[in-house]
Amino acid sequence: MVEVHEDLIVELQDATQTFGVVRALDGVSIKVGKGEFVGLAGENGAGKSTVLSVLSGLIRPDAGTIRLRGHEVPQRDWSFHKANLAGVFRIYQEQALLPNLSVYENMYLGHENLFSRAGTINRRRMRALARQHMEEFVGRSIDPGALVGGLSWGERQLVEIVRAFAIASLLEIRSPLILLDEPTAAMTHDDLEAFYSLLGRMRTQATFEEASFLLVSHRLDEVLRLSDRVYVMKDGRVVDEVTDTGSVDEADLHAAMVGRARAHNYYCEDRQRSSFGRESIQLRNLSVKNAFQDVSFEVHEGEIVGVGGVTGSGKSELGRALAGLSPIDSGTLGIHGHDVTNSSVGERIGKGIGYVPLDRHSEGIILYLPIDLNMTLSALRQSATTGRFILSRTKERATATQAMKRFAIRAPNCTVKPADLSGGNQQKVVMARSLVADSTVLILDHPTRGVDAGAKHEIYQLLRDLADRGVAIIMITDELPELIGLSNRIVVMRGGVVTQETLSPAGAKPSEEDIVKALV
Amino acid sequence: MTNSHVSTPVDRSSERPPEHAAISSRASRLPRPAVRQLVPYAALVALLAFFTTQSANFLTVTNILVMAQSASILMVIALGATLVVVAGSVDLSVGAVATIVGVLAAHLSQQGHTSSIWLLVLVGALCGLVNGILVAYVRLPSFLVTLGTMFIFGGIAAKITGGYFVSLNYPSLSEAVNGKPIGQIPAGLLWMVVAIAVSAFLAYRTVFGRRVYAIGGNEKVAKLAGQPVERTKVWMFVFSGLLAGFGGLMLVARAGGSSPDMGEPFLLTAIAAIVMGGTSLNGGVGGPARTIVGVVIIEVLTNGLIIIGADPYYQNIALGSVIICAVIVTIKRSEMAAIK
Ligand SMILES: Nc1ncnc2c1ncn2[C@@H]1O[C@H](COP(=O)(O)OP(=O)(O)OP(=O)(O)O)[C@@H](O)[C@H]1O
Ligand SMILES: [Mg+2]
């Protein structure tokens with residue numbers, strides 16, 4: 001007779017999961033108590049998302065048991081929907097709302113039957129309930145009737161979480177388990193605070209006192225700040241457990257994750273250049289309607305310019321306009337002295353622009369195209385062909401294998417599909433593409449999104465390498481330490497205009513407060 | 001099992017939720033991807049084995065050559081349409097394009113203008129160009145564009161002949177399609193080999209082919225990577241039209257003349273062959289190699305049923321069942337959500 005732990009919400013025991021040759025989970029055991037907030041840290045590909053998939057019924061592990069509220073879950077009968085009904089909710093690394101439906105319709109998606117009588121759905125009640133929950137948790141800023149497609153990333157993330165609580169309360173589950181997979185990876189500074197306070201409110205709310213959370217995140221500060229306890233995973237195993245999150249700092253957690261201390265010089269400031277070459281990219285009074293106005297700055301060979309700003313500041317739109325995705329309404333854009341204001345994406349790539357978009361899945365990567373082919377896509381002629389038209393697989397493989405090494409991409413070989421890679425490794429594939437294309441001007445929109453702490457450092461080193469080779473880099477990011485640590489110069493945008501341009505020389509970096517003041 | 005849980009088009013199971021969780025439990029019972037890819041081949045072997053045991057006349061050199069000759073037209077047309085499907089579009093006008101070219105050929109031969117008949121494949125290419133421009137530059141969905149042009153091309157063909165059978169009077173075309181240029185090898189087989197070589201080369205070995213796969217995989221990414229998405233789309237429709245036009249010439253030679261609906265049956269059979277082989281209607285995966293298997297399965301089934309003397313009415317029933325079974329096991333449904 002197994003003993004029943006009344007105070008545990010979920011207990012995963014000895015879970016093993018292989019995907020082909022990859023052992024994603026190798027005997028993982030994890031417990032979450034009622035009302036507990038548990039963190040899950042680990043490098044890219046450590047198996048964190050897979051743990052969440054197992055718990056949420058998306059994957060049936062090869063071996064291992066799940067015990068929910070003390071009772072073993074019958075494996076054959078465990079599915080995503082069943083998990084939902086049992087109070088296990090997953091918030092996705094890549095979001096899972098339907099953009100063409102309204103907030104309230106999204107909130108009760110899949111549970112409409114609870115609102116229906118004689119086959120018709122009582123939308124009024126659905127909407128009223130949704131409104132009640134939204135106001136309770138996030139205030140009036142989000143209208144339940146609004147289309148999800150029109151919300152910002154951060155707002156959508158809030159909707160997703162409130163959704164879990166709304167369904168839990170509808171199903172009268174007092175102890176839901178919320179699985180969060182990198183919820184803040186793409187959040188801007190302001191959304192982040194709203195998000196933390198939302199989590200705080202949820203944990204203190206009387207009706208959900210017993211709600212438990214399992215959080216996966218590469219932001220180690222937030223893992224420590226939010227969690228009561230942290231599991232550290234590495235290569236599909238739990239290698240450490242931090243029970244005393246108050247007395248441990250980021251560097252300790254990093255060391256536990258990676259197996260060595262965090263590089264003292266995380267942003268490679270010692271390698272920051274102080275002299276630059278010629279002007280590489282020049283923005284003169286650039287404007288795109290409804291996005292940003294009158295933006296002017298230039299970046300030189302070997303220089304890294306960081307662009308910061310909150311949601312709606314226009315910084316991502318600026319990146320898109322530079323890449324050629326949205327037409328420039330006025331002003332001029334020059335690259336290496338050529339006017340490319342009205343050039344197509346392809347022509348700009350030809351001139352040396354490389355762009356790493358914010359939304360990896362919809363714009364960055366082709367999930368079912370092998371990674372070598374993904375990497376050579378921007379420079380087919382140079383990296384994958386002999387002559388102009390005929391592909392050379394040997395050349396292509398060689399190019400890709402080399403890029404995989406440089407970026408330390410964790411994959412069995414270069415012909416696997418990105419769909420089978422972990423989130424951070426997918427990001428590296430996207431980065432590798434512009435490297436393969438030999439871009440001389442890189443525009444990076446959140447280049448380290450979803451990348452683990454160790455790999456981030458590798459990417460920073462790589463950016464320094466590129467700068468040494470004379471590449472001009474524009475880095476759009478929400479991570480202040482990264483923005484400050486990496487940049488030679490920081491451009492802050494607010495409401496579509498540049499509000500501040502600050503030098504950020506090695507050894508005399510501006511403080512986070514300085515930047516935040518300009519942000520909001 | 002890994003990818004089958006999800007109904008969103010482009011993602012892996014563990015990172016994205018199923019839109020309708022009910023799918024997940026069902027789909028996970030399907031075979032693993034690697035196994036799934038082999039299913040069309042297994043089905044083919046099973047069919048071959050079955051018909052061989054049923055009739056001594058089935059697996060003979062003569063009958064194999066008969067099958068090759070008979071499958072050649074479908075192969076040519078289906079290979080053309082394959083690239084379009086890989087790019088995530090569809091070409092419903094291939095049957096009508098074959099018809100219009102066939103009808104024109106018969107018509108011209110009656111008027112004695114035989115010298116220009118071979119050039120009629122360019123009419124097919126032109127039809128493809130119209131499709132391509134409407135899809136790529138006017139940005140209309142390929143389904144609707146080619147549905148429309150299917151009626152238009154069909155209508156033009158009917159107008160030319162007035163709806164009657166017109167016989168072909170051009171022996172050198174008939175000889176080139178129905179003859180046996182090398183020993184016992186039928187000409188159809190040779191044309192088929194040429195079509196396979198050309199389309200496989202284009203798909204797997206050229207920059208153009210790579211672009212087609214990239215567009216099918218994620219058009220936005222292809223665009224962001226600087227690929228000429230529009231131009232590539234136009235060319236792939238032109239290629240589809242070109243092969244459909246050539247199929248039309250083979251067809252009119254095979255039938256000895258043209259009738260206004262002669263290309264019709266090839267549309268759906270071609271799509272069936274493409275999908276059955278394992279090319280997803282969602283684009284990005286599959287290709288000519290897959291289509292070959294699909295065409296061969298259809299031919300073996302049709303021919304085998306005739307040889308064992310099955311009731312002709314059963315043919316379509318059997319074909320339909322095989323299509324559905326093949327699709328159930330070959331298609332990763334996670335990659336198929338758009339085609340509900
Ligand atoms: N569907 C799949 N098919 C094949 N391999 C997979 C699949 N899902 C995950 N993997 C592999 O399993 C390992 C663990 O992946 P997982 O997504 O759990 O990592 P993670 O810890 O969430 O990483 P990240 O921080 O980058 O998101 C990785 O090596 C990944 O490539
Ligand atoms: Mg993950």
Side-chain angles (χ1 to χ4, degrees), chain A residues 19-20 24 49-50 52-53 56-60 77-84 90 92-94 96 98 109-110 181 323 325 344-350 355 357 361-369 373-374 376-381 384-385 388-391 393 419-421 423 433 437, chain B residues 1-6 8-29 32-34 201-211 213-231 280 282-286 332 334-335:
Chain A
F19 295 108
S49 296
T50 310
L52 300 197
S53 295
S56 58
L58 272 178
I59 289 182
R60 275 170 227 161
D77 204 33
W78 191 232
S79 70
F80 190 78
H81 195 65
K82 291 258 169 65
N84 250 219
R90 178 164 183 193
Y92 279 87
Q93 193 166 349
E94 313 293 334
L98 302 183
L109 196 67
D181 198 347
L325 281 175
S344 69
V345 180
E347 285 162 347
R348 291 184 199 197
I349 290 177
Y355 174 61
H361 276 198
S362 76
E363 300 187 329
I365 209 164
I366 303 179
L367 283 166
Y368 289 98
L369 193 71
L373 312 199
N374 258 290
T376 54
L377 198 59
S378 282
L380 277 177
R381 294 237 154 88
T385 61
R388 283 183 60 73
F389 199 60
I390 297 172
L391 297 170
R393 291 291 290 138
D420 294 340
L421 295 183
R433 183 182 307 139
Chain B
M1 162 122 186
T2 51
N3 277 306
S4 46
H5 307 278
V6 197
T8 34
V10 284
D11 208 338
R12 75 176 221 235
S13 53
S14 58
E15 304 263 307
R16 271 219 185 173
E19 276 161 35
H20 303 287
I23 294 169
S24 65
S25 54
R26 248 198 61 53
S28 60
R29 258 172 249 136
R32 284 170 175 276
F201 177 74
L202 274 182
Y204 303 128
R205 284 278 170 268
T206 65
V207 170
F208 166 73
R210 175 63 52 76
R211 287 174 178 157
Y213 278 88
I215 291 170
N218 187 333
E219 192 170 328
K220 249 184 171 170
V221 176
K223 196 150 203 156
L224 261 176
Q227 301 306 310
V229 171
E230 284 79 19
R231 190 152 33 98
S280 155
N282 230 19
V285 288
K332 289 187 183 176
S334 55
E335 297 167 25

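Below, chain A is the first sequence line, B the second, and so on; all start at residue 1. No experiment lies behind these values; they were computed from the predicted model shown.
Using a 4.5 Å cut-off between heavy atoms, A/Phe389 touches chain B through backbone and side chain atoms alike. With a 4.5 Å cut-off on non-hydrogen atoms, A/Arg381 touches chain B through its side chain but not through its backbone. For A/Leu369, the part lying under 4.5 angstrom from a heavy atom of chain B is the side chain only. If you measure heavy-atom distances from A/Ser56 to chain B, you find no contacts under 4.5 Å at all. For A/Leu373, the parts lying near chain B are the backbone and the side chain together; criterion is any non-hydrogen pair under 4.5 Å. Only the backbone of B/Tyr204 comes within contact range of chain A, with at least one heavy atom under 4.5 Å from a heavy atom of that chain. Proximity to chain B is limited to the backbone of A/Ile365, based on heavy atoms less than 4.5 angstrom apart.
Counting all heavy atoms, side chain and backbone alike, A/Leu377 lies closest to B/Ala214 at CD1-CB, 3.8 Å. Residues A/Leu380 and B/Arg211 approach most closely at CD1-CG, 4.3 Å, considering heavy atoms. A pairwise comparison of heavy atoms in B/Val207 and A/Arg388 identifies CG2-O, 3.6 Å as the closest pair. Minimum heavy-atom separation, B/Leu224 to A/Leu325: CD2-CD1, 3.4 Å.
For B/Asn218 (side chain) and A/Ser362 (main-chain N/O), a donor-acceptor pair under 3.5 Å exists by modelled atom type.
Qualifying salt bridge (charged side-chain N to carboxylate O under 4.0 Å, His left out) partners for A/Arg393, counting only residues two or more places apart in sequence or in other chains: A/Asp372, A/Glu396. In this structure, the salt bridge (charged side-chain N to carboxylate O under 4.0 Å, His left out) partners of B/Glu230, at least two apart in sequence or on a different chain, are B/Arg139, B/Lys223.
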